[in-house]
Structures are given as structure tokens and as C-alpha cells.
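These notes are about the structure you will find just below.
Residue numbering restarts at 1 for every chain, and letters A, B, ... go by the order of the sequence lines.
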Number of protein chains: 2
Amino acid sequence: MRDLEDFNDTNLQPGLSVDCVLFGFDNNELKILLLKLKSIEKWALPGGFVNVDKDVNAEAHAVLKNRIGLENVFLKQFYLFGNLERNLNTHTPELIKNGIISTKRIAFFKQRFITVGYYALVEYSKVKETTVDFISEACEWHSIHNLPKMIIDHKEIILKAHQTLKKELNTEPIGLNLLPKQFTMPELQALYETVLEKKLDRRNFSRKMLNYNILKDTNKRRMGVKHKAPILYEFDMENYNQAIKNGFNSIW
Amino acid sequence: MRDLEDFNDTNLQPGLSVDCVLFGFDNNELKILLLKLKSIEKWALPGGFVNVDKDVNAEAHAVLKNRIGLENVFLKQFYLFGNLERNLNTHTPELIKNGIISTKRIAFFKQRFITVGYYALVEYSKVKETTVDFISEACEWHSIHNLPKMIIDHKEIILKAHQTLKKELNTEPIGLNLLPKQFTMPELQALYETVLEKKLDRRNFSRKMLNYNILKDTNKRRMGVKHKAPILYEFDMENYNQAIKNGFNSIW
DNA sequence: GCAAAAGTGTTAATGGTACACCCATGG
DNA sequence: CCATGGGTGTACCATTAACACTTTTGC
């Protein structure tokens with residue numbers, strides 16, 4: 001779907017789209033990758049449509065691959081947005097008026113759309129902000145606390161994705177996917193504090209994490225900081241997967 | 001949609017359905033409400049289609065209201081089933097052959113369908129197993145451990161609903177909706193043991209539950225049992241809602 | 001040597017686990 | 001009076017929360 005001519009609606013599941021909330025972690029902030037639409041001052045989540053011959057989940061992966069160039073990303077369905085208000089959108093008429101959506105496709109774009117929300121976790125530095133296609137002209141990270149004007153309910157989708165992330169911090173491999181291979185304890189803690197939006201005690205955090213036995217000391221330290229050099233850790237994949245499978249605790 | 005003539009596909013969202021996994025608790029078992037399809041030996045989840053003018057969530061509620069006669073039920077979206085294999089179904093051709101699906105609707109029923117899974121919690125005794133409509137001839141509770149032959153991926157949907165129930169036992173009002181207004185501690189424990197599929201210590205369970213402060217002693221006892229009469233409790237709605245909002249514990 | 005942030009230790013309170021004993025009820 | 005299951009107590013252990021001191025690094 002690199003340009004207008006490639007886009008063909010004849011084989012698509014009618015009225016169904018997928019949208020991906022792509023989380024990255026940088027500068028102690030959660031960031032979301034957004035696309036700037038052509039000809040209007042609004043941003044959108046990377047999304048796409050569903051071929052009638054493709055799994056819905058596979059199409060979400062395809063969005064990340066084709067639009068952002070990402071493969072083998074942690075990606076998880078979290079909610080279907082199916083209310084009616086989301087179709088009172090104003091951007092489609094504008095895009096049609098501005099010639100971004102071809103007249104042949106108007107009927108397709110004017111359908112009532114339902115969208116499946118996915119959240120994805122990627123290492124911030126691995127994404128190059130370059131993708132452009134027939135409908136978007138820029139691709140940039142935005143802090144979750146400072147989002148630009150967005151189409152339809154995309155802000156609400158991001159909010160719900162963040163809530164889901166908070167809930168699933170202890171049952172999904174969130175640290176693993178948002179951090180580089182090697183990281184320090186304070187970096188891991190900063191990620192947790194950012195996702196949870198609250199401060200944690202440094203000493204208790206460290207002990208608890210180490211007790212889970214999911215971290216491997218690499219015997220290296222992050223150098224060049226103007227204070228005591230912190231230890232670099234990696235995840236111990238075997239123990240990590242075990243811990244994720246069981247959840248990190250359970251009440252009953 | 002009480003009979004064939006009422007069914008009109010012209011205003012429906014194409015290729016989208018909703019299916020409800022209705023949980024009840026009886027005789028220390030989790031039970032699921034299933035519909036027996038006309039003319040074939042297969043059962044199905046209560047489900048329906050989505051009007052293009054209706055919220056998807058509202059349509060799930062409508063299924064419960066129109067097909068089962070239930071209103072104000074706890075109902076929650078849990079997953080979108082969108083793989084391709086689910087459309088290699090064999091029951092639609094059979095239903096067409098047997099005249100259950102009118103020839104005018106063949107094109108509609110042969111589409112590729114994606115379904116949104118909902119789970120619902122109801123007090124077992126409140127459901128009368130009576131509903132019949134143009135496509136189903138019986139409506140019965142089945143133990144989750146002894147399910148009959150079911151169409152497409154409906155067994156898989158039930159499995160995933162059960163997994164979700166287990167996970168959400170501490171963040172969703174599960175006890176509240178599956179039990180009658182008044183219940184005993186052993187009954188509540190049996191529900192937990194059933195959902196979680198494991199035994200819990202009677203004494204510790206009781207203490208822990210009471211410590212949550214979500215139960216009110218009604219000063220009554222369940223009479224007519226051939227042992228010490230157990231105390232009847234009710235949920236203290238204010239504290240209960242608070243506890244649900246926070247989750248019953250959190251790690252961080 | 002000073003500021004900044006990292007590493008580590010202790011203690012008290014809380015909550016969980018694993019037990020055993022007594023009590024009320026119907027038959 | 002006995003079998004059945006309900007209510008409650010206690011002791012031990014693990015986990016958490018709150019807090020302070022020492023160490024390393026760049027400047």
C-alpha cells in the first residue's frame with residue numbers, strides 16, 4: 001500500500017480496520033508512534049484494513065511490517081472499538097475533498113468502520129521515523145502526555161491501550177520488549193514507574209526484581225555517567241518466560 | 001429475530017457477529033448456556049449480528065435480551081476471533097440444505113465472518129431454558145467440562161472465555177454476578193475453586209475474604225442443612241465496588 | 001572533595017500457610 | 001450420639017514497606 005494505485009478495496013473485509021498503538025520508551029517517557037495525514041492537520045495511529053483471505057491478527061502484523069518496517073514485534077489485541085460515534089468522523093470527507101482518497105474509493109471509506117485495537121512494544125531506537133505512504137506524510141514518536149490532534153477516537157484508543165499495559169505489566173513481557181538487550185536497574189525501574197505512573201522505592205524495587213531471578217548480571221557496567229556506574233543486566237530468557245507464564249504473583 | 005421472516009440482512013455490518021459465553025454456577029460447576037441448532041446435531045453459543053446503526057457492545061446486550069430474555073447482565077468483550085480457519089465451517093451449508101437458512105440469505109451466511117467474543121455472568125436460577133428462534137430449537141445449560149459437539153470454533157471461544165474469567169477473578173465482579181443475593185462462605189469458596197480449578201483452604205479463604213471488607217453478615221443462616229447452619233452473607237456494594245476498582249491486590 | 005546517583009542492609013508490620021479444635025444441625 | 005460440615009484461633013514463615021549508610025564516578 002505504498003501508493004494510491006496499489007490500494008484496492010475489492011478484497012477487503014467490509015467495515016473492519018486494525019489500529020496499532022506502538023509503544024516506545026525514551027527519555028523516561030512512554031511514546032507512541034503516529035502518522036501525520038496528508039493535507040489535514042491531524043495525526044493517526046498506524047492502521048490498515050483486513051483482507052478477506054487473511055487472519056485479523058496477521059493483518060495487524062502486516063501493518064507494522066509494511067508501514068513501519070517492523071517484524072517479529074510483540075503485538076497484542078486488546079479491544080474492539082465498535083461504537084457508533086466513531087463514525088461521525090470528519091477527516092474522511094476532507095481527505096476526499098483534497099484528493100488524497102481517490103473518488104473510486106469513496107464508498108469504501110464512507111462505510112461504518114469498526115476497528116480492532118492492538119498494542120505493540122518496540123525498542124525505541126529501532127524505529128526510524130521515515131514511513132510515508134499514499135495517505136500519510138510523516139511518522140513520528142509523540143509523548144503519551146503530549147499528543148497532537150488526532151482523528152476520530154484514536155486518542156481514546158491510546159488511553160485504553162495504556163490502561164491495558166498497566167494491567168498487564170505483570171503478565172506480559174513488557175520490560176523485555178521496550179528496553180534494549182542490556183539495561184540497568186534504574187532504567188528498568190524508570191520504565192515501570194512510567195507505565196504505572198507512580199514512584200517506586202529504589203531499594204525495594206531492586207530487591208524484588210532480583211528475587212524474581214529473571215535478570216542476569218552481565219558483569220559489565222554502563223560507563224560514562226557522572227556517578228557510580230550502574231550494573232548492566234540482561235533478561236534470563238528461560239526464567240523470564242517461566243515467570244510470565246505464571247504471572248509474577250497471584251492472589252489465590 | 002424470533003422467526004425466519006423477521007431476519008433481514010440488508011442493514012447488517014457485513015461479516016461481523018457477536019457471540020456470548022454465558023456463565024452460570026450450579027452444583028459446584030461452571031455451566032455455559034448453549035443453543036441447539038435446528039436440523040443438525042450441533043450446539044452454538046448465543047450470538048447475533050451487528051446492525052450498522054448500533055454499537056457492537058449494545059448488540060451483544062441485545063443478543064442476551066432478545067434470545068435469552070436477560071437484561072442488565074454483566075457482559076464484557078474479551079477477544080476478537082478473526083482467523084481464517086473459523087470460516088471453513090460445515091454447519092452453514094447443512095443449514096441451507098435443510099432449509100433453515102432461506103435461500104435469499106445464502107450470500108449473507110457464506111461471507112467470511114469475524115466474531116467478537118463476550119462473556120456474561122448470570123445467576124444460574126434466573127435463566128429459563130426456553131428460548132427458541134428461527135435457527136435454534138433448544139437452549140440449555142451445559143457443564144464446561146462436558147460440552148456437546150459445537151459449531152466452528154465455539155469450543156475454543158468458551159475455553160478462552162474461561163481463561164479470561166480466571167485472570168479477571170480479582171478485578172471483575174465475578175462473585176457478585178454468579179451468586180444469588182445471599183450466599184454462604186462455603187458457596188463463595190466453591191465458586192472460586194470452580195473458576196480457578198483448584199482447592200483452597202477453607203479457613204484461610206474465609207479470613208481473607210472477610211478482611212477485604214466486601215461482605216456483610218446478614219445475621220441470618222441457611223437453614224435445613226444437616227450440619228451447622230452457615231452464615232448468609234451479602235456483598236457490601238460500596239466496599240465491593242471500591243475493591244474491584246483497585247483490584248484486590250497489586251504487586252507494585 | 002563534592003554532587004549525584006548507585007549499591008546494599010535492617011527492621012517492623014503485614015499477610016500467607018499450615019495446621020487443630022470446637023460447635024451446631026439432622027438423622 | 002454421631003456424622004457432617006461450619007466457625008474460629010494460633011504459630012510460623014515470606015513478603016513488603018520504610019528507612020540510612022556507604023560507594024563510585026565526573027567535575
Side-chain angles (χ1 to χ4, degrees), chain A residues 27-29 169-171 175 179-180 182-194 196-234 239 242-243 246-252, chain B residues 27-28 169-171 175 179-180 182-194 196 198-234 239 242-243 246-252:
Chain A
N27 195 22
N28 286 356
E29 278 192 319
L169 187 59
N170 293 297
T171 53
L179 292 174
Q182 302 195 336
F183 52 88
T184 67
M185 190 63 78
E187 285 162 6
L188 183 59
Q189 182 178 341
L191 172 59
Y192 271 67
E193 291 182 341
T194 301
L196 296 171
E197 299 181 295
K198 69 175 170 190
K199 287 283 164 207
L200 302 170
D201 183 275
R202 192 167 59 84
R203 295 154 286 192
N204 294 334
F205 180 86
S206 169
R207 185 178 5 204
K208 201 164 168 181
M209 270 297 163
L210 291 173
N211 281 343
Y212 285 145
N213 261 318
I214 58 175
L215 300 182
K216 270 195 309 211
D217 189 332
T218 63
N219 295 313
K220 289 189 284 182
R221 285 165 183 263
R222 165 114 42 235
M223 304 310 283
V225 283
K226 60 175 191 291
H227 52 74
K228 188 168 178 178
I231 298 169
L232 282 167
Y233 292 97
E234 286 178 10
N239 293 351
Q242 193 59 45
N246 300 337
F248 282 90
N249 91 348
S250 64
I251 308 186
W252 297 106
Chain B
N27 196 22
N28 287 354
L169 187 57
N170 294 298
T171 52
L179 291 174
Q182 302 194 337
F183 52 88
T184 67
M185 190 63 78
E187 286 162 5
L188 183 59
Q189 183 179 341
L191 172 60
Y192 270 68
E193 291 181 340
T194 302
L196 297 170
K198 69 175 171 189
K199 288 281 164 206
L200 302 171
D201 183 274
R202 188 168 61 84
R203 296 153 286 192
N204 294 334
F205 179 87
S206 169
R207 179 155 15 130
K208 203 166 166 179
M209 269 296 162
L210 292 173
N211 280 344
Y212 285 144
N213 262 318
I214 58 173
L215 299 182
K216 269 196 309 210
D217 190 331
T218 62
N219 295 315
K220 288 190 284 181
R221 286 165 182 263
R222 167 126 24 245
M223 305 310 283
V225 285
K226 60 175 191 290
H227 50 74
K228 185 169 177 178
I231 298 169
L232 282 168
Y233 293 97
E234 287 179 9
N239 292 352
Q242 193 59 44
N246 301 336
F248 283 90
N249 90 346
S250 65
I251 307 185
W252 297 107

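One finds the NZ atom of A:K208 at 11.0 Å from the CG atom of A:D201 (value rounded to the nearest 0.5 Å).
At least one side-chain heavy atom of B:N219 sits less than 4.5 Å from a side-chain heavy atom of B:D217. The side-chain heavy atoms of B:T184 and B:I231, taken from C-beta on, include no pair separated by under 4.5 Å. B:K216 places none of its side-chain heavy atoms less than 4.5 Å from the side chain of B:N239.
Remark: side-chain polar atoms of B:E193 are paired, donor with acceptor, to backbone N or O of B:L200 under 3.5 angstrom. Between the side chain of A:T194 and the main chain of A:A190, a donor-acceptor pair closer than 3.5 Å is present.
Taking only side-chain nitrogens and oxygens, A:K208 never comes nearer than 4.0 Å to OP1 or OP2 of D:dT15.
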- Between A:L210 and A:Y233, is a side-chain contact (heavy atoms from CB on, under 4.5 Å) present by the stated rule, with each step listed? CA-CA 10 Å; A:L210 291 173; A:Y233 292 97; 3.9 Å; yes

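The nearest whole Å value for the distance from the CZ atom in B:R222 to the P atom in D:dG6 is 11 Å. One atom, CD1 of A:I231, and another, C1' of C:dA5, lie 13 Å apart when rounded to the nearest Å. Separating the OH atom of B:Y212 from the C1' atom of C:dG16 is a distance of 11 Å, rounded to the nearest angstrom. Taking atom CG of A:L215 as the reference point, atom P of C:dG7 lies 12 Å away to the nearest angstrom. The separation between B:F205 atom CZ and D:dG5 atom P is 18 Å, rounded to whole Å. Rounded to whole angstrom, the span from the CG atom of B:L200 across to the C1' atom of C:dG15 amounts to 16 Å. If you take CG of A:N28 and P of C:dA5, they are 11 Å apart, rounded to a whole angstrom. Between B:N211 atom CG and C:dT17 atom P the separation is 13 Å, expressed in whole Å.
Taken residue by residue, residues 184-192 of chain A places no heavy atom nearer than 4.0 Å to DNA chain D.
Scored by the ring-ring contact (aromatic ring centres under 6.0 Å, His included) test, A:F183 finds A:F235 as partners (sequence neighbours excluded).
Smallest separation of non-hydrogen atoms from A:I214 and A:A243: CG2-CB, 3.9 Å.
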- Base versus backbone protein contacts along nucleotides 19-27 of chain D [heavy-atom cut-off under 4.0 Å; B, S, -]: BB--BBBS-

